[in-house]
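Heads up: the structure comes next, in structure tokens.
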Amino acid sequence: MPGVLTLALTKGRILKETLPLLARAGIVPAEDIASSRKLVFDCTRPGVRLLVLRGTDVPTYVRHGAADLGVVGKDILLEQGADDLYEPLDLGIARCRLMTAAPVGWSPGVGRLRVATKFTTVARQFFADQGRHADFIKLYGAMELAPLMGLADVIVDIVDTGNTLKANGLEPLDLIADISTRLVVNKASMRSYPLEIEALVAELREALV
Ligand code: PRP
């Protein structure tokens, strides 16, 4: 929309931490996002509107220019590949680690590993770099269940407190990547609205604590 920057947000845990950051930059939704079923929100600050999306869809909106900017986890950017987007800011929120994990006491044999994960691209690269032959089983959630049920030997998943692993008899093994939430920008939008986008990025940078 001419004159309006569209910022795609990731719903859920990241959204809860993003809203205070946006508020410190003077960007406040005109209505309460949490209690609304709407997916597009005007802001008290003119010239910015917000979309609320699943994290996996944020890069898609930004890549296609349906949103000018996005707030999304580095895990999703690593998995999808994001060389076609600018990533000007680490927002430092929703920090966690992308790790391998296995049942407590498990030790790898010499044969092929069975790896359950929703991060199949990142996992494939990681095990290839390690020189380990592995088969990958794509799951969309509850990865911790897979070793318990004999579906996989190891998982690749997000670890925050480690409580979910512990509660399911698993332990973290290798760190694949430190994860945090990033601001991404569509490259064509950056060429079309450089002053507006640079001002917004600068305000968000100042709002980081
Ligand atoms: C993530 C991740 C783990 C859990 C780790 O799931 O997949 O299951 O958090 O957190 P912890 O180390 O503090 O226990 P999330 O709740 O984000 O849901 P998801 O399965 O939809 O990703």
Side-chain angles (χ1 to χ4, degrees), residues 7-22 33-37 39 50-63 67 70-82 85 87 89-106 108 113-127 130 132 134-184 209:
L7 173 57
L9 305 180
T10 293
K11 68 181 177 185
R13 205 186 324 192
I14 290 180
L15 181 65
K16 286 204 189 88
E17 294 188 50
T18 305
L19 290 176
L21 171 67
L22 292 179
I33 289 182
S35 62
S36 173
R37 300 292 297 170
L39 301 169
L50 305 175
L51 309 182
V52 180
L53 303 173
R54 287 180 77 101
T56 46
D57 292 335
V58 168
T60 307
Y61 271 73
V62 178
R63 187 169 288 128
V71 170
V72 63
K74 184 69 178 176
D75 51 335
I76 288 169
L77 297 173
L78 289 173
E79 179 62 18
Q80 294 189 2
L85 303 176
E87 191 188 306
L89 217 49
D90 181 348
L91 300 176
I93 57 183
R95 284 186 190 279
C96 53
R97 286 154 292 154
L98 188 60
M99 301 194 72
T100 64
V104 174
W106 175 85
L113 285 177
R114 295 170 305 152
V115 182
T117 184
K118 63 177 159 191
F119 303 99
T120 48
T121 302
V122 174
R124 200 178 298 279
Q125 187 65 53
F126 176 78
F127 285 100
Q130 304 272 309
R132 285 303 309 253
D135 296 313
F136 298 90
I137 300 163
K138 173 90 177 183
L139 293 177
Y140 293 87
M143 265 76 78
E144 295 85 356
L145 194 56
L148 291 183
M149 295 295 114
L151 180 62
D153 304 306
V154 301
I155 63 171
V156 169
D157 196 10
I158 294 297
V159 180
D160 180 12
T161 61
N163 289 340
T164 311
L165 291 181
K166 206 169 174 188
N168 291 287
L170 306 178
E171 61 184 353
L173 296 175
D174 302 305
L175 174 68
I176 298 179
D178 286 306
I179 302 298
S180 57
T181 304
R182 308 300 168 96
L183 182 73
V184 290
V209 286

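Heavy-atom basis, side chains included; hydrogens, waters and symmetry copies ignored. As the structure lists them, so they are numbered: ligands from 1, and atoms in each ligand from 1.
- Atom 3 (C) of ligand 1 has its closest protein heavy atom at Glu144 OE2, 3.3 Å.
- For atom 4 (C) of ligand 1, the nearest protein heavy atom (residue, atom name, distance) is Thr164 OG1, 3.7 Å.
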Practice task
Applying side-chain contact (heavy atoms from CB on, under 4.5 Å), run through Leu78 and Phe119 and close with a yes or a no.
Solution key: CA-CA 9 Å; Leu78 289 173; Phe119 303 99; over 6 Å; no
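- Close N/O approach between Gly162 and ligand 1 is found [any backbone or side-chain N/O within under 3.5 Å].
- Both the backbone and the side chain of Asp160 come within 4.0 Å of ligand 1, judged by heavy-atom distances.
- When each of Thr164, Val156, Ile155, Val154 is paired with Met143, the side chain to side chain contact (heavy atoms under 4.5 Å, CB included) condition holds for Ile155 and for no other.
- The nearest protein heavy atom to atom 18 (O) of ligand 1 is not closer than 4.0 Å.
- Looking from atom 13 (O) of ligand 1 to the surrounding protein, the closest heavy atom is Thr161 OG1, 2.6 Å.
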Practice task
Could you give me the CA-CA distance, side-chain angles and deciding distance for Glu87 and Lys74, then say whether salt bridge (charged side-chain N to carboxylate O under 4.0 Å, His left out) is met?
Solution key: CA-CA 10 Å; Glu87 191 188 306; Lys74 184 69 178 176; 3.0 Å; yes
Problem - salt bridge (charged side-chain N to carboxylate O under 4.0 Å, His left out) between Arg114 and Asp135, intermediate numbers included - result: CA-CA 5 Å; Arg114 295 170 305 152; Asp135 296 313; over 6 Å; no
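- Remark: among candidates Asn163, Leu98, Ile158, the nearest residue to atom 2 (C) of ligand 1 is Ile158, based on non-hydrogen atoms.
- Arg182 contributes no side-chain N or O that, together with a main-chain N or O of Leu91, makes up a donor-acceptor pair within less than 3.5 Å.
- A donor-acceptor contact shorter than 3.5 Å is absent between the side chain of Ser180 and the backbone of Arg95.
- Side-chain N or O atoms of Glu171 include none that pairs as donor or acceptor with a backbone N or O of Leu165 at under 3.5 Å.
- Distance from atom 22 (O) of ligand 1 to its nearest protein heavy atom, with residue and atom name: Lys118 NZ, 3.0 Å.
- Protein heavy atom in closest approach to atom 16 (O) of ligand 1: Arg13 NH2, 3.2 Å.
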